[in-house]
Amino acid sequence: MIARVEPLLTTRKLSGPFDYLLPEQPVRVGSVVRVPFGRQALDGVVVDLADRSEVPVEKLVRASAVREDGVPAELVRLALWMAAEYCSTPARALSLVLPPRGRERTVLWAARSGEVDGERLTDRQRALLDRLPGPAGDDLPALRRLEARGLVAIGPRARRRAPRTDPAADREVTLTAEQETALSAVRAGGSHLLHGITGSGKTEVYLRACAEALERGKGVIVLVPEIALTPQTVGRFQARFGDTVALLHSALGEGERYDEWRRLREGRARIAVGPRSAVFAPVPDLGLVVIDEEHDASFKHEGDPRYDARHVAAERARRAGATLIAGSATPRPETWRSLPRLTLSSRVDARPLPPVRVLDMRGTQSPLHPLTRRALAAARKSIVLLNRRGWSNFLTCRTCGKVWECPSCDVALVLHRAEGAIACHHCGHRERVPDRCGACGSLAVARHGVGTERIEAELAETLDVPVFRLDADTAGTKDAVPELLTRFHTAPAGLLLGTQMVAKGHDFPDVTLGVVLDADSTLRFPDFRAEERTFALVAQLAGRAGRGPEGGRVLVQTASPDAPAIEAAAEHDAEGFVAGELERRRALRYPPFADLVRIVCSASAAEPVRAAAARVAEAIAGATGEATEILGPAPLFRLRGRERRQVVVKTTERAAAIRATGAAVERAARDRGLRDVAFSVDVDPQ
Ligand code: ADP
Ligand code: ZN
Ligand code: ZN
């Protein structure tokens, strides 16, 4: 027998698997082994076992040192599928499903072992025996003496490092008729879109479906957007299911992550809850996958492979024969079209959604409409969304027109006044705020546009409630976000101001006013998803306001009051929005009516990038037919000092186009003439 091993190399230039003689210890598909590779030794994953190799046996070398934890075989197969589906490499995909490094923490555990009747014991010894079984702790010397008399047994025992959480209080409820209908549809299996506004009882449906899966002896994966922004959903699963819930997310300590992974792998925990990477949780006998807030952009991974956890979840569920529920108040047009829909049409408490008023900002100079000012002054608690951080957007010289740009990215630098810096939002480059123009010496520097920092300053001055700012600048450490949200939650009065982070799943019943400033900022993006994002952002924020008995309202400031996304959001009309959006996309041949693949070539010099992009475009065109259209190559702005060009593939033959792209990129990556060029492939770009 030989083992086919995929060494965990990140290069695109080599592709495995490679054959090795079996190590001393037993291996199976998914074992993590050490293999000699050239002059180095590497970790690798066994992807197959075979009877013979095409390599002569005397040339084969032996794999060694098998790691204790391996990857479940089904996750190896999922990773290999993912490598092909995202034009990545098996090694890069496998590195996403590897068991976390670590080992179990053990403590010395003591238990009674002998008969104590007739033994002469001090009071202290009796008390000690009474507290057993338990960790030995500081009593170890005394316990050892009892052990010597055969009264106590002491041995190592695994001790779980549990993530810190705050479970919500659980409530027993009787399902509404709509919830019952949804649950029975889910019970029949298959994949479903659960569409319901915030507060319509979607989570309760997930919880019930989850309980039924557990009863059938099945495991569950629940995917949520960033945990820090949605602690309430996690808390409700823990409240209902206790320790059988394992939490998997990036803020866990190494030991916690290891223990949670092991608990799932061994079936001691049956429900994995976490953000996108939890789609790789080692849950045996998967019976249900839930994707909460399925519209959320965080489900797309930005590293290589650029996987979409929603797509991977669907594939994993399909392979396992598991049921899938994707839930949202603002589903993506793709999901709307591809999955049968279950609807929860009103809030459980029958409270109507807050009225939304659109404020036309055309011709207005001030960042705040007079009505917004008045409403903010009158509201005790409100949320203000402005999807742009910093003080002002960009700086120009009033005399010569110079724009301050990042030296390595060809984008304007954003003013952060508190720091006294202008910063690049792409690479992090910072420089001091200029006091004069470097080109002409003029002292007249103009600031354009308004960001969260400036609105914060303005509001803090005019309002007498505290302003809490939540954006990438204030969310520095891992605890900063939950802390800030808790402070806002417990404050008797206050204003939560920030980027899209403020529109996520929080439930603040006493918020009576929601405001969206410059709602077009997302609409202006040169991207076919601009409409969808704008609709979701406004509608999600509307879902945050008026969840309590006082009700609430929403103000949306925009310079394009007639944009369909804004009109539909103001009417709370997800169905109407999606219908219009699907028509638009059908006409333009955008997803879900075609698939997109984006290839970005980059290098420090322009010429090899140009050559690489042309080569890739040509190769894909040559390998595909009429169903595939190639857009570009087109130049992109320079990023982190690298020249970039992109090719976009638009196709109705997804599999063929992905194969052609993978082959073209692999060939170009191996071309010595293009060795300085990096290739990044994004299938289903966000
Ligand atoms: P969503 O996930 O759609 O925002 P939730 O499931 O969180 O909605 O439900 C909103 C609130 O209503 C929660 O406090 C939940 O406990 C409660 N709830 C859900 N279903 C019912 C029901 N059938 N009867 C009473 N309360 C319910
Ligand atoms: Zn100037
Ligand atoms: Zn930059």
Side-chain angles (χ1 to χ4, degrees), residues 167-183 193-210 222 224-225 230-237 239-240 290-295 325-331 342-351 353 394-414 421-431 434-446 504-509 539-540 542-544 546-548 574 636-642 644:
D170 197 17
R171 291 209 292 139
E172 251 192 65
V173 299
T174 311
L175 293 188
T176 62
E178 281 186 327
Q179 284 173 321
E180 283 289 2
T181 309
L183 189 61
L193 165 61
L194 182 59
H195 175 226
I197 54 176
T198 26
S200 62
K202 297 186 295 296
T203 308
E204 188 60 38
V205 174
Y206 308 150
L207 291 164
R208 297 292 179 106
C210 191
V222 182
V224 295
T230 50
Q232 284 149 349
T233 308
V234 179
R236 284 175 63 190
F237 275 86
R240 182 132 339 155
V290 173
I291 307 168
D292 188 25
E293 311 283 5
E294 73 90 27
H295 62 277
I325 313 176
S328 174
T330 54
L342 304 166
T343 309
L344 304 179
S345 54
S346 54
R347 284 187 174 173
V348 174
D349 54 21
R351 229 166 249 144
L353 280 166
F394 61 102
L395 306 181
T396 59
C397 169
R398 284 191 204 276
T399 309
C400 75
K402 169 191 155 88
V403 179
W404 271 264
E405 289 190 336
C406 175
S408 42
C409 299
D410 295 347
V411 294
L413 294 170
V414 178
I422 50 179
C424 170
H425 282 186
H426 291 274
C427 73
H429 166 85
R430 282 179 149 62
E431 48 191 85
D435 47 15
R436 64 177 62 229
C437 171
C440 75
S442 162
L443 295 174
V445 177
K504 299 285 164 90
H506 337 287
D507 182 3
F508 303 120
Q540 292 286 340
R544 304 295 136 232
R547 299 191 73 167
L636 294 176
F637 71 84
R638 209 160 44 101
L639 182 66
R640 295 189 175 87
R642 293 176 75 81
R644 302 186 303 153

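One-based numbering, in listed order, for ligands and for the atoms of each. This structure is a prediction, so every number in the text was calculated from the model and none was measured. Atom set for the values below is all heavy atoms of this structure, side chains included, hydrogens, waters and symmetry mates excluded.
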- Query: Counting backbone and side chain alike, does His429 bring an N/O/S atom below 2.8 Å of the Zn ion (ligand 3)?
  - Reply: no
- Using the Zn ion (ligand 3) as the apex, give the angle to atoms SG (Cys424) and SG (Cys409), rounded to 10 degrees. 110°
- Message: Using modelled atom types and a 3.5 Å cut-off, is there a donor and acceptor pairing between side-chain atoms of Lys202 and backbone atoms of Gly196?
- Response: yes
- About how many Å separate CG of Leu342 and CG of Leu193, when rounded to the nearest 0.5 Å? 7.5 Å
- Item | Closest approach of any protein heavy atom to atom 8 (O) of ligand 1, naming residue and atom | Gly201 N, 2.9 Å
- Of all the atoms in ligand 1, which lie at a distance below 4.0 Å from a heavy atom belonging to Glu204? 6 (O), 19 (C), 20 (N)
- Val348 N/O to ligand 1 N/O under 3.5 Å: no
- So which of Val173, Leu194, Thr174 gets nearest to atom 23 (N) of ligand 1, if we judge by its closest heavy atom? Thr174
- Tell me which protein heavy atom sits closest to atom 2 (O) of ligand 1, plus the residue, atom name and distance to 0.1 Å. Thr203 OG1, 2.5 Å
- What protein heavy atom is closest to atom 4 (O) of ligand 1, reported as residue, atom name and distance in Å? Gly199 N, 2.7 Å
- Taking atom NE2 of His195 and atom OG of Ser328, what is their separation to the nearest 0.5 Å? 7.0 Å
- Task: Give a yes or no on whether the backbone of Ala444 and the side-chain of Ser442 come within a donor-acceptor separation of less than 3.5 Å.
- Result: yes
- Query: Stepwise, does the side-chain contact (heavy atoms from CB on, under 4.5 Å) test hold for Leu413 with Leu395?
  - Reply: CA-CA 7 Å; Leu413 294 170; Leu395 306 181; over 6 Å; no
- Taking heavy atoms and a distance under 4.0 Å, where does Thr176 meet ligand 1: side chain, backbone, both or neither? both
- Item | Residue Thr198 vicinity, atoms of ligand 1 by number, heavy atom under 4.0 Å | 4 (O)
- May I ask whether Ile197 has any heavy atom positioned less than 4.0 angstrom from an atom of ligand 1? yes
- Query: What do you reckon, does Arg236 put a non-hydrogen atom under 4.0 Å from ligand 1?
  - Reply: yes
- Task: Working to the nearest 0.5 Å, report the span between CD of Gln540 and OG1 of Thr198.
- Result: 6.5 Å
- Message: Starting from atom 20 (N) of ligand 1, what is the nearest protein heavy atom, named by residue and atom, and what distance separates them?
- Response: Gln179 NE2, 3.1 Å
- Message: Can you give me the closest heavy-atom contact between Leu183 and Ala209, atom names plus distance?
- Response: CD1-N, 3.7 Å
- Message: Quick check for you: with the Zn ion (ligand 2) as the vertex, what angle do SG of Cys397 and SG of Cys437 span, to 10°?
- Response: 110°
- Ignoring hydrogens and geometry, is there a side-chain-to-backbone donor-acceptor pair from Arg642 to Ser408 under 3.5 Å? no
- Taking 4.0 angstrom as the limit, do Glu204 and Arg240 come out as a salt bridge? yes
- Query: Is any side-chain N of the basic residue among Asp349 and Arg351 closer than 4.0 Å to the acidic one's carboxylate O?
  - Reply: yes
- Task: Check Arg171 against ligand 1 and report side chain, backbone, both or neither, counting heavy atoms closer than 4.0 Å.
- Result: side chain
- Compute the minimum heavy-atom distance from Gly196 to ligand 1 and say whether it is under 4.0 Å. no
